Amino acid sequence: MADWCRMTQKMMHQQELEQAKVNYKAQLLFNQDGSSNSATDIGRQVLQLGRRVPLNEQFARVDDITVTNVQEVLQHYFFARRPVYSMMGYAYPLPTYEYSSMWTYKYWY
C-alpha cells in the first residue's frame, strides 16, 4: 500500500515501470510453457475477449503503458478511496482495517 500511495502522488519512476513490463512479459512467456498452461491461457482469452490474442499483440499492449497511465488508474481506483477487503479462510495475516485505511485517510477530505 505504501508503494501505491507513493505512485499515486506522482513519484513513480520510468525505471520501475520498465522493470514491471519486463517481469510481466516474462510471465506471459512462462504461461505458454506446457500444454496445461497453454490450454488455460487460450480458454481464458476466448472467454474474456472472444478470441485468441497473439503474443506480439500482448507485448505491444504492454509496451504502450506509460507512467501517466499507471498514475491515472491508481488515482481513479485508489486515491481517496476507503479500502475494501474480501478474504476467505484464515484472516490473521491481514492487517486491521484501521491500519490499512491509515494509508489513504488524508485523501478523504
Side-chain angles (χ1 to χ4, degrees):
M1 287 184 88
D3 284 336
W4 289 357
C5 287
R6 179 180 54 83
M7 287 185 254
T8 302
Q9 297 172 1
K10 307 279 187 200
M11 294 168 40
M12 183 177 187
H13 302 288
Q14 185 66 30
Q15 179 182 351
E16 289 177 303
L17 180 62
E18 293 303 321
Q19 183 63 41
K21 286 181 183 181
V22 168
N23 289 341
Y24 185 67
K25 287 179 185 179
Q27 186 179 25
L28 288 174
L29 287 174
F30 287 136
N31 283 343
Q32 301 295 321
D33 187 28
S35 59
S36 177
N37 289 341
S38 293
T40 302
D41 189 46
I42 291 170
R44 181 184 52 78
Q45 288 180 4
V46 169
L47 285 174
Q48 291 178 351
L49 304 171
R51 67 183 179 97
R52 173 86 164 125
V53 180
L55 199 57
N56 58 358
E57 183 181 339
Q58 291 178 2
F59 282 180
R61 288 181 182 187
V62 171
D63 288 335
D64 288 342
I65 297 172
T66 64
V67 172
T68 306
N69 297 131
V70 174
Q71 289 171 342
E72 286 174 356
V73 168
L74 280 173
Q75 286 177 356
H76 180 74
Y77 290 105
F78 184 75
F79 190 74
R81 304 279 190 239
R82 294 181 188 259
V84 176
Y85 289 134
S86 176
M87 187 161 187
M88 189 167 136
Y90 192 59
Y92 178 74
L94 189 68
T96 63
Y97 187 79
E98 290 78 21
Y99 177 78
S100 60
S101 62
M102 171 185 71
W103 291 99
T104 58
Y105 77 93
K106 57 186 169 185
Y107 307 119
W108 291 348
Y109 304 104

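Since the model is a prediction, treat every value here as computed from it, not as a measurement.
Using a distance-only test at 3.5 Å, with no hydrogens or angles considered, a donor-acceptor pair links the side chain of Gln45 to the main chain of Val53. A donor-acceptor contact shorter than 3.5 Å links the side chain of Glu16 to the backbone of His13.
Defined by atom type and a distance below 3.5 Å, a donor-acceptor pair is present between the side-chain atoms of Asp41 and Gln32. Using modelled atom types, one finds no donor on one side chain facing an acceptor on the other under 3.5 Å when comparing Gln27 with Asn31. Counted by atom type alone, Gln19 and Gln15 present zero donor-acceptor pairs between their side chains at under 3.5 Å.
In this structure, Ile65 and Lys21 approach most closely via the heavy-atom pair O-NZ, 2.8 Å. In terms of heavy-atom proximity, Pro54 sits nearest to Arg51 at CD-NH1, 4.1 Å. Minimum interatomic distance between Asn37 and Phe30 (heavy atoms only, all atoms of both residues): ND2-O, 3.9 Å.
In this structure, Leu17 CG and Asn69 CG are separated by 8.5 Å, a value rounded to the nearest 0.5 Å.
Note on residues 23-34: pairs passing salt bridge (Lys or Arg N to Asp or Glu O under 4.0 Å), not counting sequence neighbours, are Lys25-Asp63.
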Derivation and outcome, side chain to side chain donor-acceptor pair (under 3.5 Å), residues Glu18 and Gln14: CA-CA 6 Å; Glu18 293 303 321; Gln14 185 66 30; 2.7 Å; yes

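Leu55 and Ile42 are not part of a single hydrophobic cluster, where members link through side-chain heavy atoms under 4.5 Å apart.
Checked for salt-bridge contact, Asp64 and Arg61 miss the test: no charged N lies under 4.0 Å from a carboxylate O.
At least one side-chain heavy atom of Phe59 sits less than 4.5 Å from a side-chain heavy atom of Leu28.
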